[in-house]
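What follows is a single structure, written as C-alpha cells, with notes after it.
Computed from a predicted structure; not experimentally measured.
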Amino acid sequence: RGKSFRVQSIKNGSLFETYGRILGYVWVSESTTPSLESYNLLSFYIVKNGYARVSFIDRRNHKADDLKYKGIFYEEYLFNAQNYAKINKLNIFSE
C-alpha cells in the first residue's frame, strides 16, 4: 500500500530557519490515488498521540497566520491535538 507525501512551505516565507533546517508542513495520504482532501497533517498525528509538544518560535517572522485547515488556523489545530493528548495522558503527557 502506497503513501504519498506533500510538503507545504509558507508563501513568501523563508524555506530555512536559523540553523539551516528546511521549514515546511508535511502532509501524508494513505490513498493510492490521492486527492488534496485525502492528505492529513503529519504534525497533528504526532502531537495528538503525545509524541511531541507544540512549539512556535519567533512568531514575529512566522508568516503562517493565514494558514488554515478546515477553517481552523494550523496553530490552533495543533494545540487542539495537544490538549487531546494531555486529557488522555498519552505518552509524554502520561505523568
Side-chain angles (χ1 to χ4, degrees):
R1 160 170 111 140
K3 289 187 180 168
S4 295
F5 298 90
R6 295 178 72 96
V7 178
Q8 177 186 18
S9 62
I10 298 169
K11 186 177 181 179
N12 299 321
S14 175
L15 293 177
F16 300 93
E17 49 85 81
T18 306
Y19 299 102
R21 295 175 289 198
I22 296 173
L23 296 171
Y25 290 96
V26 177
W27 296 80
V28 66
S29 174
E30 301 278 338
S31 175
T32 54
T33 56
S35 65
L36 282 178
E37 293 78 27
S38 71
Y39 284 90
N40 295 294
L41 187 60
L42 182 60
S43 299
F44 175 82
Y45 291 101
I46 293 169
V47 171
K48 185 178 178 185
N49 286 293
Y51 295 120
R53 295 183 192 322
V54 178
S55 178
F56 287 91
I57 299 171
D58 196 7
R59 295 290 296 149
R60 292 168 293 143
N61 294 324
H62 198 278
K63 296 183 173 54
D65 293 330
D66 60 342
L67 295 178
K68 290 184 178 181
Y69 176 71
K70 296 185 179 181
I72 301 172
F73 289 110
Y74 284 13
E75 187 172 343
E76 183 180 349
Y77 184 59
L78 292 172
F79 276 114
N80 288 342
Q82 181 171 282
N83 288 338
Y84 176 89
K86 284 180 177 180
I87 289 167
N88 291 286
K89 299 180 179 178
L90 301 176
N91 295 304
I92 64 173
F93 302 106
S94 64
E95 289 291 319

May I ask whether [X] and [Y] are part of the same hydrophobic cluster, defined by side-chain heavy atoms of I, L, V, M, F, W, Y residues being less than 4.5 angstrom apart, directly or through others?
X     : Y     : answer
Leu41 : Val28 : no
Ile46 : Val26 : yes
Phe79 : Tyr25 : yes
Trp27 : Leu67 : yes
Val47 : Phe93 : no

- Item | salt bridge (Lys or Arg N to Asp or Glu O under 4.0 Å) partners of Glu17, counting only residues at least two apart |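 Checked Glu17 against salt bridge (Lys or Arg N to Asp or Glu O under 4.0 Å); matches are Arg21.
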- Message: Looking at every heavy atom in both Ser9 and Leu15, which two are closest together, and how far apart are they?
- Response: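 The pair with the smallest heavy-atom distance is CB-CD2, 3.5 Å.
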- Item | Distance-minimising heavy-atom pair for Leu78 and Val54 |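 For Leu78 and Val54, the tightest heavy-atom pair comes out as O-CG2, 3.4 Å.
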- Within residues 35-51 or reaching into it, pairs that qualify as side-chain hydrogen bond (donor to acceptor under 3.5 Å, both in side chains) - sequence neighbours excluded: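 For residues 35-51: Ser29-Ser38, Ser35-Glu37.
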- Item | Residue pairs passing the side-chain hydrogen bond (donor to acceptor under 3.5 Å, both in side chains) test where at least one lies in residues 81-95, sequence neighbours excluded |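 Counting only pairs at least two positions apart or across chains, no side-chain hydrogen bond (donor to acceptor under 3.5 Å, both in side chains) contact touches residues 81-95.
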- Task: State the CG-CD distance between Leu23 and Gln8, to the nearest 0.5 angstrom.
- Result: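 Taking CG in Leu23 and CD in Gln8, the distance rounds to 12.5 Å.
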- Message: Using 0.5 Å steps for rounding, measure from the CZ atom of Phe5 to the CG atom of Leu42.
- Response: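 Answer rounded to 0.5 Å: 7.5 Å.
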